[in-house]
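Input: a single structure, listed below in C-alpha cells.
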Amino acid sequence: MRDTVSLPHGENLSIAAFLKQPVQWKDSVLGALCFSASALECRMQADMGVPCMCVPMPRLDNTESICEVWHGSGELTQGQCGDIHYRHDEDVLFGVIALPETLFEAGADETPLQQATESAYRQVFALLDTQHFPYLFRFWNYIADINTHSFGLERYQQFNRGRQDAFLVHGRDVVGNVPAACALGFGLGSSTQGPLTIAFMAGRVVPLSIENPRQISACQYPPQYGPRSPTFSRASLVRMGQNEVLFVSGTASIVGHATLHANDVVAQTREAMNNIKAVLAEANRQAGKPGFDLASLSYRVYVRHPADLELIREELAHCVGDSLKAVYLQADVCRQDLLLEIEATAIHPLAYMSGEIN
Ligand code: 3EB
C-alpha cells in the first residue's frame, strides 16, 4: 500500500495511474503538477475536480508522463475564482491558473504576455486575501517560447515585468520576503502557443525565505538581464501541517549574476549542484539545525537539449549518490546560455526538524 497519510507529497505518478486512483484517494489530493508530451493526455485529468496543472513537456528518462501529487489533511475545500482552480485544507492552499495570451491585446507599453502575467498574479493575490492564506510558499511558472523576442523584449523579460507589477500593486515585497519559484519555457512545435500556466502554494504561517551566498539575489540582478528583476528567492522553508517542507527554486549555473560554463553541460550541472548545496547550508543555518542534505531532496531537472540527458544524469548521481531521486523533462531555460535548471523539494516531519527524534 502507498503511504498517503503522513506526507503532503511523496508521489510521482503517471497521468494514467493518477486517473485510475479511487475516489477516496482523489478526495485527499490538494492538487498536482503534471507534465506530458501529449496535450490530449494533459486534457484528460481536467474534469476530475482536482486542481491539476498540465504542461506540455516531454519526459526524458521514461516514456510515461509524470504527475507530482500533493495531499492535504482532513477535509478539503475546493473552489474556482476567476481563472484559478484551487483546493485547501487548514494549512495549505494549492492553486492553478492557465491564461491564454490571446485574451489580451498589445497596449502602448504592455505586451499580451506581460498583461496575462500581471492578471494571473493579481488573481492569485486577490484569492489569497479572501481565503486568508497570506503567505506564498512557491510558484511554478511555465511560459510558451520563453526565449523568443517580441515587442522588442525577450518573452521572459515581459513575464518579469508583469510579475513584478502585480507584486507592487498588491503592496507585496519585491525583495527579501519573496516566494521560491521556477520559470521554464515550452514550445509546442507548432503555431499554437500554449497558455501561460502557473501553479502556486500558499499558507498561513510565515515562511523563511532563503538566499544563496554564492549568488546575487535574483531580485537584484543588474539591468542587463532585463528592465525588471525576477521576483523569487532561492528557497523557502515552510511549515505544512506536521511537516516542514523546503522548496528549492529552479537553480542553474549562475554565480554572482553571471552564467558560468556556457557550453559545458557537465560543468553547468556541477555548478548548479554547488548552488543547491549552498542553499541547503543556508537553510540549515537559518533553521538552526542540520536537517537538509542533497540525499534528502527530490529533484526535477529541466534539460534544454535531450541529447545531454546521460551526461547530466551521471553528474547528478555523482553529486548525490545512489539514493538520487530525479525526474528529467525537456524544457527551455530562461537564459539562452543555460543548458539546464534543477529544482528540488525536501519534506521532513516536524519532530525530526526540531531534533526530537533522530
Ligand atoms: C536564475 O537563477 C535562473 O524567474 O521565477 C530560476 C528560478 C530562474 C526562478 C523565475 C528563474 C526563476 O535566475 C532562472
Side-chain angles (χ1 to χ4, degrees), residues 33 53 55 97 113-114 116-118 120-121 124 136-147 153-167 172-186 196-201 209-236 246-262 268-269 271-279 282 297 299-304 329 331-345:
L33 306 160
M53 182 202 81
V55 169
I97 180 167
L113 173 58
Q114 179 184 345
T117 307
E118 185 175 336
Y121 272 80
V124 172
L136 271 155
F137 296 164
R138 175 63 155 108
F139 275 108
W140 292 264
N141 301 293
Y142 300 95
I143 305 157
D145 307 322
I146 194 169
N147 298 130
L153 200 60
E154 189 186 18
R155 282 170 51 80
Y156 175 58
Q157 307 303 340
Q158 299 174 27
F159 165 84
N160 277 325
R161 280 167 80 170
R163 172 167 59 177
Q164 199 190 71
D165 280 344
F167 272 79
R172 287 184 172 260
D173 293 343
V174 293
V175 292
N177 198 5
V178 293
C182 61
L184 285 306
F186 59 89
L196 172 68
T197 304
I198 298 170
F200 59 95
M201 234 184 240
S209 292
I210 291 152
E211 289 293 329
N212 178 352
R214 304 180 82 227
Q215 297 183 303
I216 288 175
S217 164
C219 306
Q220 285 162 339
Y221 280 163
Q224 72 201 77
Y225 301 102
R228 296 297 190 82
S229 296
T231 310
F232 72 95
S233 61
R234 301 300 177 181
S236 64
L246 180 70
F247 290 108
V248 179
S249 292
T251 304
S253 177
I254 296 174
V255 175
H257 60 73
T259 300
L260 295 193
H261 324 294
Q268 282 203 14
T269 307
E271 205 67 68
M273 292 307 290
N274 283 337
N275 279 328
I276 290 180
K277 252 188 247 173
V279 169
E282 192 60 18
L297 292 170
Y299 298 86
R300 185 156 46 230
V301 186
Y302 299 98
V303 177
R304 188 185 286 279
L329 300 170
D332 294 332
V333 186
C334 65
R335 289 185 193 178
Q336 202 80 62
D337 51 10
L338 290 174
L339 301 171
L340 77 156
E341 182 173 308
I342 306 173
E343 62 185 2
T345 307

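Quick note: numbers below take in every heavy atom, side chains included, and nothing from hydrogens, waters or symmetry partners. One-based numbering, in listed order, for ligands and for the atoms of each. As the structure is a prediction and not an experimental result, all values here were calculated from the model.
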Parallel, tilted or perpendicular: which fits the ring planes of F247 and W140, with parallel below 30° and perpendicular above 60°? perpendicular
What residues, two or more places apart in sequence or in another chain, satisfy side-chain contact (heavy atoms from CB on, under 4.5 Å) together with [X]?
X: N147; answer: E154, R304, D332, Q336
X: T117; answer: L113, Y121, F159, R163, L196
X: C334; answer: I146, Y156

>> Distance alone, cut at 3.5 Å: any donor-acceptor contact between the side chains of N275 and R214?
In response: yes
Quick one: table the atom pairs, ligand 1 N or O against protein N or O, below 3.5 Å, distance rounded to 0.1 Å.
residue: ligand 1; atom: 2 (O); partner: Y221; partner atom: OH; Å: 3.1
residue: ligand 1; atom: 2 (O); partner: R234; partner atom: NH1; Å: 2.9
residue: ligand 1; atom: 4 (O); partner: Y156; partner atom: OH; Å: 2.5
residue: ligand 1; atom: 4 (O); partner: R163; partner atom: NH2; Å: 2.7
residue: ligand 1; atom: 5 (O); partner: R163; partner atom: NH1; Å: 2.7
residue: ligand 1; atom: 5 (O); partner: R163; partner atom: NH2; Å: 3.3
residue: ligand 1; atom: 13 (O); partner: Y221; partner atom: OH; Å: 2.7

Paired with E341, the side-chain contact (heavy atoms from CB on, under 4.5 Å) test is passed by just one of T251, V303, V301, L184, namely L184
